[in-house]
Colleague: 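Dumping the structure here so I can ask a few things about it.
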Number of protein chains: 2
Amino acid sequence: MTPHIRIVVVPFTLDDRSLLVGLVPGMETPAFPGGPARPDEPLDSTARHLVRAATDRDEQYSEQLYTLNHPDRERWEIVVSYVALFRAGSLAAPKPPRLAWQDVRATTSLADVDRLILQYALIRLRAKLSYTNIAFHLMPETFTLSELQSAYETILEQVLDKRNFRRRMTASRILVQTNELRREGNHRPAALYRFAPDRDEPAYLTPPWVNAS
Amino acid sequence: MTPHIRIVVVPFTLDDRSLLVGLVPGMETPAFPGGPARPDEPLDSTARHLVRAATDRDEQYSEQLYTLNHPDRERWEIVVSYVALFRAGSLAAPKPPRLAWQDVRATTSLADVDRLILQYALIRLRAKLSYTNIAFHLMPETFTLSELQSAYETILEQVLDKRNFRRRMTASRILVQTNELRREGNHRPAALYRFAPDRDEPAYLTPPWVNAS
DNA sequence: TCAAAAGTGTTCCTTCTACACCCATGT
DNA sequence: ACATGGGTGTAGAAGGAACACTTTTGA
């Protein structure tokens with residue numbers, strides 16, 4: 001019996017106040033995008049290519065989650081799972097075989113393995129919010145502090161204190177303030193910020209190789 | 001071309017003031033214990049069995065590290081790496097095909113993949129020391145606080161403040177003091193502690209399934 | 001002038017850090 | 001009595017949590 005290596009990617013993005021996952025509509029049950037590993041390519045690259053093919057957009061960030069054995073349907077499958085993050089906005093590319101994005105709180109009937117992987121992906125995502133800058137990969141190029149706070153609140157499913165949040169963010173020195181303002185609605189305009197790409201997240205619990213073959 | 005799934009386990013243990021890794025002596029270069037995945041068994045179990053076979057001892061703890069593609073020697077190999085922790089003491093079981101333990105600071109000529117994996121294993125182990133109780137899996141049943149501190153110092157390769165360390169440990173409520181003392185050497189005997197197995201480490205960044213198939 | 005979101009400081013409490021001496025024992 | 005590691009407290013700094021009002025704008 002020979003194994004099939006299947007790479008599965010859980011695509012996340014934010015929309016308004018929802019955390020969305022991307023699913024391939026599929027036959028019976030929708031499933032996360034994925035495909036076979038290729039002998040000549042690092043798994044991380046294959047994961048990127050697969051998710052790119054499914055979305056027509058470059059993801060901002062991806063990382064490996066976990067690998068599990070999955071003897072399914074007379075077929076020996078090894079599933080290597082990944083998380084991919086996409087910037088908020090500009091999601092839809094409605095050509096037929098593309099992704100359907102849906103709220104994580106209302107994911108309908110996934111296969112067992114996909115549910116497991118989604119569960120773990122959420123744990124990791126939430127945990128990493130607290131000690132990395134991973135949230136920035138879900139934000140558009142420029143954003144207001146309120147939008148950023150809303151992103152944190154959406155993912156963590158809890159409200160945060162405005163002043164403490166802003167202090168924490170500005171203290172971390174990974175924000176740079178552009179000198180544009182966003183004026184919309186009948187209220188004071190908000191300052192726009194950008195992610196300082198140099199001060200990126202620590203290597204904390206991330207492999208040192210980053211795509212060794 | 002069909003892939004071969006190889007599970008590789010990095011076995012760690014402590015001895016005196018060294019962090020040791022277990023290597024299979026092997027032909028040209030020594031290598032970490034490992035073997036093929038089995039279709040009918042969760043990868044985590046296979047990893048446990050493999051390391052058990054190589055050491056004749058039960059490991060105290062193991063967790064998956066990372067999976068990488070490794071097209072080597074005309075053979076397509078997917079390497080799923082694990083870390084396993086062994087209690088200090090009672091290492092040697094000198095039957096021929098067993099492990100040779102050596103100091104991590106002086107590991108000789110490993111294969112590229114093994115070096116990579118070892119590097120990452122060390123990063124993970126050190127990181128987890130700070131926010132989990134993983135160190136206890138490297139300790140014998142009962143131990144003194146000085147021994148525990150020495151374990152932390154050995155792994156982190158830095159000295160820690162005695163009073164702060166003891167405060168931190170007792171505050172964490174995962175130590176229970178036995179009412180035995182260890183009397184050795186010409187100095188005051190030390191209190192022996194035991195790990196409180198209930199208050200085990202948080203699920204923090206560890207998959208929720210724990211050995212789903 | 002009103003509604004709506006942006007923006008801003010202080011106090012308290014907990015946690016981390018640095019640091020030095022006495023205690024119990026064996027020889 | 002002395003050498004050896006075991007054991008203990010405190011003060012200052014830093015970081016996190018709680019909390020309410022003023023500002024700027026569009027309608």
Side-chain angles (χ1 to χ4, degrees), chain A residues 14 16-17 88 126-133 135 139-140 142-154 156-194 199 202 204, chain B residues 14 16-17 88 126-133 135 139-140 142-154 156-194 199 202 204:
Chain A
L14 282 171
D16 191 24
R17 292 188 162 268
R126 289 181 180 134
K128 284 214 161 183
L129 264 203
S130 59
Y131 64 89
T132 71
N133 306 326
M139 304 301 293
T142 61
F143 48 86
T144 69
L145 284 183
S146 296
E147 286 166 348
L148 185 59
Q149 180 176 348
S150 162
Y152 273 76
E153 291 177 337
T154 301
L156 297 176
E157 291 182 338
Q158 65 175 350
V159 300
L160 303 174
D161 180 85
K162 200 206 271 200
R163 282 170 291 188
N164 292 339
F165 180 82
R166 291 162 108 94
R167 185 176 19 255
R168 213 150 42 78
M169 286 300 146
T170 53
S172 78
R173 312 284 308 142
I174 48 168
L175 287 174
V176 294
Q177 182 164 5
T178 70
N179 37 25
E180 296 146 90
L181 297 181
R182 167 167 306 159
R183 42 178 57 263
E184 65 175 22
N186 39 343
H187 54 81
R188 181 169 173 176
L192 284 174
Y193 291 80
R194 172 187 314 282
R199 315 190 142 264
Y204 233 10
Chain B
L14 283 171
D16 191 24
R17 292 189 163 267
R126 288 181 180 133
K128 284 214 160 184
L129 264 203
S130 59
Y131 64 89
T132 71
N133 306 327
M139 304 301 292
T142 62
F143 48 86
T144 69
L145 285 182
S146 297
E147 286 166 348
L148 185 59
Q149 181 176 347
S150 162
Y152 273 76
E153 290 177 337
T154 300
L156 297 176
E157 291 182 339
Q158 66 175 348
V159 300
L160 303 174
D161 180 86
K162 200 207 274 202
R163 281 171 292 191
N164 292 339
F165 180 81
R166 292 162 108 95
R167 189 179 9 259
R168 212 149 43 77
M169 286 300 145
T170 53
S172 78
R173 312 285 307 146
I174 48 167
L175 286 174
V176 294
Q177 183 166 4
T178 70
N179 37 24
E180 297 146 272
L181 298 180
R182 168 167 304 159
R183 42 178 58 262
E184 64 174 21
N186 38 342
H187 54 81
R188 178 170 173 175
L192 284 173
Y193 291 81
R194 168 189 317 282
R199 315 191 142 262
Y204 235 8

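Every chain is numbered from 1 and lettered A, B, ... according to where its sequence line falls, protein lines coming before strand lines. Heavy atoms only: backbone and side chains are in, while hydrogens, waters and symmetry mates are out.
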Colleague: Looking at residues at least two apart in the chain, or sitting in another chain, which of them share a salt bridge (Lys or Arg N to Asp or Glu O under 4.0 Å) with Arg168(B)?
Modeller: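 Arg168(B) satisfies salt bridge (Lys or Arg N to Asp or Glu O under 4.0 Å) with no residue once adjacent residues are dropped.
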Colleague: Over how many whole Å does the gap from Tyr131(A) atom OH to dG16(D) atom P extend?
Modeller: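 Rounding to the nearest Å, OH of Tyr131(A) and P of dG16(D) are 16 Å apart.
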Colleague: Which atom pair, heavy atoms only, marks the closest approach of Thr170(A) to Leu175(A)?
Modeller: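 Smallest heavy-atom distance, with atoms named: N-CD1, 4.4 Å.
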Colleague: Below 4.0 Å from chain A heavy atoms, what is the first contacting nucleotide of DNA chain C and what is the last?
Modeller: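 Taking any atom under 4.0 Å from a heavy atom of chain A, the span is dA3(C) to dT10(C).
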Colleague: If a protein heavy atom is under 4.0 Å from the base, mark B; if only from the sugar-phosphate, S; if neither, -; do that for nucleotides 19-27 of chain D going 5' to 3'.
Modeller: BB--BBBB-
Colleague: Without decimals, in angstroms, what is the distance between Phe165(B) CZ and dG5(D) C1'?
Modeller: 16 Å
Colleague: Between C1' on dG16(D) and CG on Leu160(A), what's the gap in Å once rounded to a whole number?
Modeller: 13 Å
Colleague: Could you check which residues of residues 146-154 of chain B get a heavy atom under 4.0 Å from DNA chain C? Sort them by number, please.
Modeller: none
Colleague: Going by ring pair (Phe, Tyr, Trp, His ring centres under 6.0 Å), name the residues that satisfy it together with Tyr193(B), two or more places apart in sequence or in a different chain.
Modeller: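 With sequence neighbours excluded, Tyr193(B) shows a ring pair (Phe, Tyr, Trp, His ring centres under 6.0 Å) to no residue whatsoever.
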Colleague: Go through the structure and list residues passing side-chain contact (heavy atoms from CB on, under 4.5 Å) with Arg183(A), not counting sequence neighbours.
Modeller: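 Checked Arg183(A) against side-chain contact (heavy atoms from CB on, under 4.5 Å); matches are Pro189(A).
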Colleague: Considering only residues two or more places apart or on different chains, which pairs with a residue in residues 144-154 of chain A satisfy side chain to side chain donor-acceptor pair (under 3.5 Å)?
Modeller: Glu147(A)-Arg182(A), Gln149(A)-Glu153(A)
Colleague: Just to verify, what does Arg163(A) make a side chain to side chain donor-acceptor pair (under 3.5 Å) with, not counting sequence neighbours?
Modeller: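 If we apply the side chain to side chain donor-acceptor pair (under 3.5 Å) test to Arg163(A), skipping adjacent residues, there are no hits.
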Colleague: Expressed in angstrom and rounded to an integer, what is the separation of Met169(B) atom CE from dG7(D) atom P?
Modeller: 15 Å
Colleague: Can you name the side chain to side chain donor-acceptor pair (under 3.5 Å) partners of Arg167(A), sequence neighbours left out?
Modeller: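 Residues passing side chain to side chain donor-acceptor pair (under 3.5 Å) with Arg167(A): Asn164(A).
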Colleague: Among residues at least two apart in sequence or on other chains, which ones pass side chain to side chain donor-acceptor pair (under 3.5 Å) with Arg166(A)?
Modeller: none
Colleague: What are the two closest non-hydrogen atoms of Leu160(A) and Phe165(A), and how far apart are they?
Modeller: CD1-CD1, 4.0 Å
Colleague: If I compare all heavy atoms of Ala135(A) with all of Leu129(A), which pair ends up nearest, and what's the gap?
Modeller: CB-CD2, 3.5 Å
